[in-house]
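This report refers to the structure that appears directly beneath it.
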Amino acid sequence: MKYRLLTLSIFSFYFISSGLFSNPVIEDKFAEELKFIDVSLKEANRLSFDPKKFDERLGYIKASQKILASLEPPKFLLPAEQSYKILDSIPSSYIKSNEPDETPFGTQWADIPFSKEDFSNIFKMVLEKNKPENYRNVTLLAVNGLFASYDPDSKIFSDQIQQSAFGVGVKLGSDALGRIFIEKIDENSPSEKAGLTIDDQILSVNEIRVTGKNPEFVESLLEGKEKTKLKLSFIRSGLNSEKTITISTEPEPVLSQNLQSKVFGKKSQIAYIRILSFNNVSEDKRPLDALVTEEFKKIIEESKVKGNKIQGIVLDLRQNQGGFLNLCISVADLFLKSGIVTDRREKNRSPDTVYASPSQITDIPLFVLINYRTAVGAELVAGALRANYRAVLIGEPSYGSAAIHKLSMHPANAMNEKYYLKVWAGQFSLPTGESLEGRGIQPDILVSEAENGKFPFRKRKKGNVLNPGADLSPIAFRSLNSYSKEMLLKAENISKSVSAGKNPSEILLNKMIAAVEYLLLETEAK
């Protein structure tokens, strides 16, 4: 066996034998959990757009990494020939590694032999070190490790997660090593006020180490009654030591207000529309495109009553990670009168090129705000509008995901437990024919969300099932006719000078609005 399991405190081999369990009851439970994993993988292969692209060997490595990280203390899975590097600082090496396809010491897994039997032996060992009530949690970690070989967003999850009314305003995710990262921070939330940022790695909550835990479980640790004080330890890229802060829970924002709007501008009248997700969440279940149209018309009418004229539209898709593909296409179509919206390929469907209808709601200049958490369907909208030269993009390069997922109930569901599978079932491309998978979209005007104004390096997967070996630079489009490179650069520089606002979120939005105002005034002057 060409790997070693290493604890954070000692150097030792775990020679795992099939005779770990002497208790027949535990043996039966192990067999049951292993069957759950097999059924999950079989169902994922049935749903997958191209099951042949699933890397089973890498999947079992990722599954082993996740379940080993859940142990206390966490353990490593790494090639034997790299074990001498354990003499480096283990805790910091473990924390700083954020490339899921590498070991904590930078060694690629490409040539390391690994099989289902190897995983099964490790799975036995991890279960043996857990309590029976934790077995299913370990199993879910293993399944999510396997699914990571389809794409980063394929996963299994339970419907048992209960949301508290009070929290700290974060959305968490994990990587193949089981480390917990902040993926999203709500505006004006306790987390934002405490200075936490996206990509901070959460190490512990109230001294409970969270590495290897399900992100949903860790989110539950960050909830409670109002004004509950939580002790949170984290580490940030570029820091060599962990920081600990005390943070209090507050009422969660009402996320049902999926659509937000207002009018901005001192020198220009700018209609601002923010879409948090492409899901139907209105009480009357009206489609999202109809709600956007209604909201825009309401803004126009109110402006006319006040004797004003809307000169520009800002469509804010920051933090929006998509939703229903048809809603994404419909919203993009609202602002287009011709051209291709997207090409999509889905399992059991013929390739489909989607064209814009001629019934656009307006031709008022359009500006779309994006950031690193603008993903999937939201990227489709931004990319379609920019590729058709309809909008200027402002913000950070987007996430880079072109996967279409299908949701399915797990075949092995029992009466008291329900699990769902979210599996890659298709892909879409931009009107240019390019796939943004692993690349994202480059804005026309770069506005950093970091306090220092810099753009942190975002590690992207080096090749993936949708676009293996892709150029990792974000997709950039040909220059717009309405704005010269000099104008866009000036707008970018103007945004950097803005510092007014009640909080970091407001300052950031004011930076972007300042860039929009400049461009509108320049084009009007022409």
Side-chain angles (χ1 to χ4, degrees), residues 1-41 56-80 83 86 90 94 97 100 103-104 109 112-149 155-158 174-180 203-204 208-218 412 417 419:
M1 199 177 293
K2 204 177 180 182
Y3 56 81
R4 299 184 182 187
L5 305 178
L6 297 149
T7 68
L8 295 183
S9 57
I10 60 173
F11 310 152
S12 61
F13 292 98
Y14 285 82
F15 292 101
I16 304 166
S17 70
S18 59
L20 271 175
F21 297 136
S22 57
N23 188 328
V25 175
I26 300 179
E27 282 278 13
D28 290 343
K29 189 63 179 174
F30 164 69
E32 179 184 329
E33 296 301 315
L34 200 58
K35 182 179 179 181
F36 186 93
I37 294 173
D38 288 339
V39 170
S40 303
L41 189 54
E56 185 173 287
R57 182 190 59 83
L58 183 58
Y60 283 118
I61 287 174
K62 289 176 181 287
S64 298
Q65 288 175 320
K66 277 187 174 288
I67 62 177
L68 286 167
S70 71
L71 293 174
E72 294 292 347
K75 294 179 174 61
F76 291 132
L77 176 66
L78 71 160
S83 61
I86 203 74
I90 286 290
Y94 183 73
S97 172
T103 73
W109 284 104
I112 308 300
F114 205 86
S115 67
K116 180 181 178 180
E117 181 182 2
D118 293 328
F119 160 75
S120 181
N121 287 334
I122 291 173
F123 187 53
K124 274 188 178 183
M125 184 271 287
V126 175
L127 288 186
E128 191 263 345
K129 293 180 178 294
N130 272 274
K131 296 178 181 178
E133 58 266 29
N134 294 334
Y135 287 175
R136 182 49 55 89
N137 183 59
V138 173
T139 300
L140 296 180
L141 285 173
V143 173
N144 279 326
L146 283 164
F147 282 9
S149 285
K155 62 181 180 179
I156 185 172
F157 59 94
S158 168
S174 63
D175 65 6
L177 292 174
R179 293 165 307 171
I180 301 295
L203 301 176
S204 68
I208 298 174
R209 303 300 287 188
V210 299
T211 300
K213 304 294 192 294
N214 281 330
E216 292 88 353
F217 169 77
V218 183
E417 54 181 19
Y419 298 99

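Residues: numbered from 1 along the sequence shown.
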Any side-chain heavy atom of [X] sitting closer than 4.5 Å to one from [Y]?
X      : Y      : result
Thr139 : Tyr419 : no
Asp118 : Ser115 : yes
Phe36  : Leu140 : yes
Leu41  : Tyr60  : yes
Phe123 : Phe30  : yes

First locate atom [atom1] of [X], then atom [atom2] of [Y], and finally report the distance between them rounded to the nearest 0.5 Å.
X      : Y      : atom1 : atom2 : answer
Met125 : Asn130 : CE    : CG    : 10.0 Å
Leu127 : Arg136 : CG    : CZ    : 10.5 Å
Arg57  : Ile61  : CZ    : CD1   : 4.5 Å

Determine, for Lys124 against Glu128, whether the closest basic-nitrogen to carboxylate-oxygen distance falls under 4.0 angstrom.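 Answer for the salt bridge query: no.
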Lys35 with Glu32: basic N within carboxylate O range, under 4.0 Å: no
If every non-hydrogen atom of [X] is compared with every non-hydrogen atom of [Y], which pair is closest and at what distance?
X      : Y     : value
Tyr135 : Glu33 : O-OE1, 4.0 Å
Lys129 : Leu71 : CB-CD2, 4.0 Å
Ala142 : Ala63 : O-CB, 3.3 Å
Ala148 : Lys62 : CB-CD, 3.7 Å

Just by modelled atom types, is the Lys116 backbone N or O under 3.5 Å from a matching donor or acceptor in the Ser120 side chain?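 Not confirmed, Ser120 side chain does not pair with Lys116 backbone.
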Could you walk me through whether Phe119 and Ile67 pass side chain to side chain contact (heavy atoms under 4.5 Å, CB included), step by step? CA-CA 10 Å; Phe119 160 75; Ile67 62 177; 4.0 Å; yes
Stepwise side chain to side chain contact (heavy atoms under 4.5 Å, CB included) test for Leu146 and Ser40: CA-CA 9 Å; Leu146 283 164; Ser40 303; over 6 Å; no
